[in-house]
Amino acid sequence: MGKGLGKNEKWQLPNEAVTPEAVFRQRRRILQCLGLSAIGASVPLGVQAGLSEWFGKPAQAERKALTYEGSRRFGIRDTLTPEDKVISHNNFYEFGTAKTDPQRYAQELQTDPWSVEVSGEVERPGTWTVERLLQRFPLEERIYRLRCVEAWSMVIPWLGFELRQLLEQVRPTGRARYVAFQTLYDPKQMRGQSSRAIGGGIDYPYVEGLRLDEAMHPLTILSLGLYGKTLPPQNGAPIRLVVPWKYGFKSIKSIVRIHLTEQRPPTTWNQLASHEYGFYANVNPAVDHPRWSQASERRIGEGGLLSARRIATEPFNGYGEWVEGLYQGMDLRRDY
Ligand SMILES: Nc1nc2c(c(=O)[nH]1)N[C@H]1C(S)=C(S)[C@@H](COP(=O)(O)O)O[C@H]1N2
Ligand SMILES: [Mo]
């Protein structure tokens with residue numbers, strides 16, 4: 001683990017990760033010396049704003065560099081999905097159902113200050129600000145595959161910490177068997193929450209859940225960044241779940257509440273269409289979605305400009321060696 005990183009080890013040098021921004025700043029300084037702006041020397045301001053609208057994305061929210069210790073891949077040697085793809089091809093229905101909607105409409109999301117309430121079957125319930133989480137739990141890079149139930153996938157260098165570290169701090173009671181998660185509910189900021197048409201018919205807030213042993217598994221992380229910087233709003237800033245062996249919809253974004261329960265909690269996609277989306281949602285090429293095959297996936301950003309490389313989907317998204325023990329004795333066709 002963490003060895004033989006192949007092609008991509010170069011960018012993992014912390015300096016490498018911040019270079020584009022440094023280059024940008026340097027370029028701006030040079031242009032300022034020349035009495036020109038960084039965006040376009042001869043383009044009037046109003047036209048500049050119009051240009052970014054024309055190209056379909058408003059000014060992007062600022063992302064801060066994050067410090068982290070080490071990087072692990074858990075056996076996955078795949079090439080990283082380019083950052084511009086990771087932050088422009090998203091599912092975040094709170095901002096609309098098209099893949100480009102989140103980048104377009106999430107930039108104004110207020111992510112600072114932010115806190116996560118931890119409640120329910122725990123000995124130490126309480127509210128954790130993002131600052132306190134960052135102070136308490138050092139970040140690590142995790143390069144994980146993300147496999148959407150829609151049969152596309154990416155390979156993303158997340159920054160995060162293991163959810164179990166937080167759970168150990170709050171001490172689940174003997175009755176805790178599940179962990180429920182909830183996304184921010186704020187229709188003023190999230191256009192999809194004030195219109196069923198824009199929000200894809202989901203009853204917000206978006207909710208998800210894991211069995212306690214899944215939540216305690218070392219592969220399950222709370223992520224606060226990607227590609228060396230804080231998360232962009234479209235990827236679930238400031239804090240989201242990442243569960244790499246499950247379909248992407250389990251990896252809930254912009255979390256405001258973590259609630260431990262005795263009973264299995266409701267989950268958004270399962271509630272919307274339970275015959276299509278189960279509670280477990282483990283990546284499984286042998287169990288097709290009622291409307292499409294799950295045997296293969298399109299790897300975003302590979303295979304040329306207009307296409308994407310088609311590859312075989314692996315059981316548990318390639319993480320079986322680490323997680324199959326969680327499901328011993330279960331029928332994964334029934335518990336999909
Ligand atoms: N709150 C919330 N979380 C969400 C979603 C969403 O619509 N709302 N979409 C899910 C789905 S279907 C996927 S595939 C992943 C996508 O994460 P990404 O956009 O960072 O790649 O986020 C998941 N988390
Ligand atoms: Mo998804």
Side-chain angles (χ1 to χ4, degrees), residues 63 80-106 109 111 114 116 142-160 180-187 189-193 196 198-210 221-227 229-258 267-273 276-278 281-283 289 291-292 294 297-301 308 313 317:
R63 292 170 61 199
L80 298 185
T81 303
E83 184 172 10
D84 64 300
K85 291 284 193 307
V86 174
I87 68 173
S88 64
H89 178 281
N90 300 99
N91 274 335
F92 200 166
Y93 276 28
E94 283 84 341
F95 296 100
T97 57
K99 295 288 176 281
T100 49
D101 283 344
Q103 188 183 39
R104 186 172 195 143
Y105 296 110
L109 181 67
T111 57
W114 190 280
V116 180
R142 292 288 175 97
I143 295 171
Y144 283 162
R145 291 178 181 159
L146 177 86
R147 182 14 172 117
C148 177
V149 76
E150 298 163 333
W152 53 264
S153 64
M154 299 192 189
V155 182
I156 303 176
W158 303 106
L159 298 175
F181 305 85
Q182 188 185 308
T183 295
L184 177 70
Y185 181 72
D186 187 349
Q189 293 199 73
M190 297 173 144
R191 61 198 283 276
Q193 291 182 337
R196 279 187 81 78
I198 293 172
I202 287 175
D203 275 319
Y204 293 102
Y206 193 105
V207 287
E208 257 306 332
L210 296 171
I221 60 167
L222 285 173
S223 170
L224 294 102
L226 59 83
Y227 267 107
K229 288 166 280 175
T230 50
L231 290 173
Q234 60 268 36
N235 292 82
I239 183 165
R240 57 98 52 91
L241 186 71
V242 180
V243 194
W245 72 94
K246 293 178 179 283
Y247 290 121
F249 66 82
K250 299 295 290 182
S251 293
I252 182 174
K253 295 177 169 181
S254 304
I255 296 169
V256 294
R257 187 155 182 234
I258 298 176
T267 55
T268 286
W269 282 98
N270 180 245
Q271 278 192 313
L272 203 66
E276 299 188 357
Y277 311 103
N282 293 316
V283 174
H289 186 279
R291 292 182 278 130
W292 59 83
Q294 294 292 25
E297 65 202 54
R298 288 185 310 122
R299 181 57 60 82
I300 302 296
T313 291
N317 207 20

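Please read these numbers as outputs of a predicted model, since none were measured by experiment. Just follow the structure's listing: the first ligand is 1, and inside any ligand the first atom is 1.
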Check: W152 N/O within less than 3.5 Å of ligand 1 N/O: no
Do ligand 1 and H89 have nitrogen or oxygen atoms that lie under 3.5 Å from each other? no
Less than 4.5 Å apart, side chain to side chain, heavy atoms only: is that true for R240 and W158? yes
At a 4.0 Å cut-off, with the gap strictly under it, does some heavy atom of G236 reach an atom of ligand 1? no
So N90 and K253, do their side chains get closer than 4.5 Å, heavy atoms only? yes
For ligand 1, which part of N91 has a heavy atom less than 4.0 Å away: the side chain, the backbone, both, or neither? both
Which part of T268 is near ligand 1, with near meaning a heavy atom under 4.0 Å away: side chain, backbone, both or neither? neither
Taking 4.0 Å as the limit for heavy-atom contacts, which would you say applies to R240 with ligand 1: side chain only, backbone only, both, or neither? side chain
How does F92 reach ligand 1, if at all, at less than 4.0 Å between non-hydrogen atoms: by side chain, backbone, both, or neither? both
Looking only at protein heavy atoms, identify the closest one to atom 19 (O) of ligand 1 and say how far it is in Å. K253 NZ, 2.6 Å
Taking 4.0 Å as the limit for heavy-atom contacts, which would you say applies to E94 with ligand 1: side chain only, backbone only, both, or neither? side chain
Please confirm whether E150 comes under 4.0 Å of ligand 1, counting heavy atoms of the residue only. no
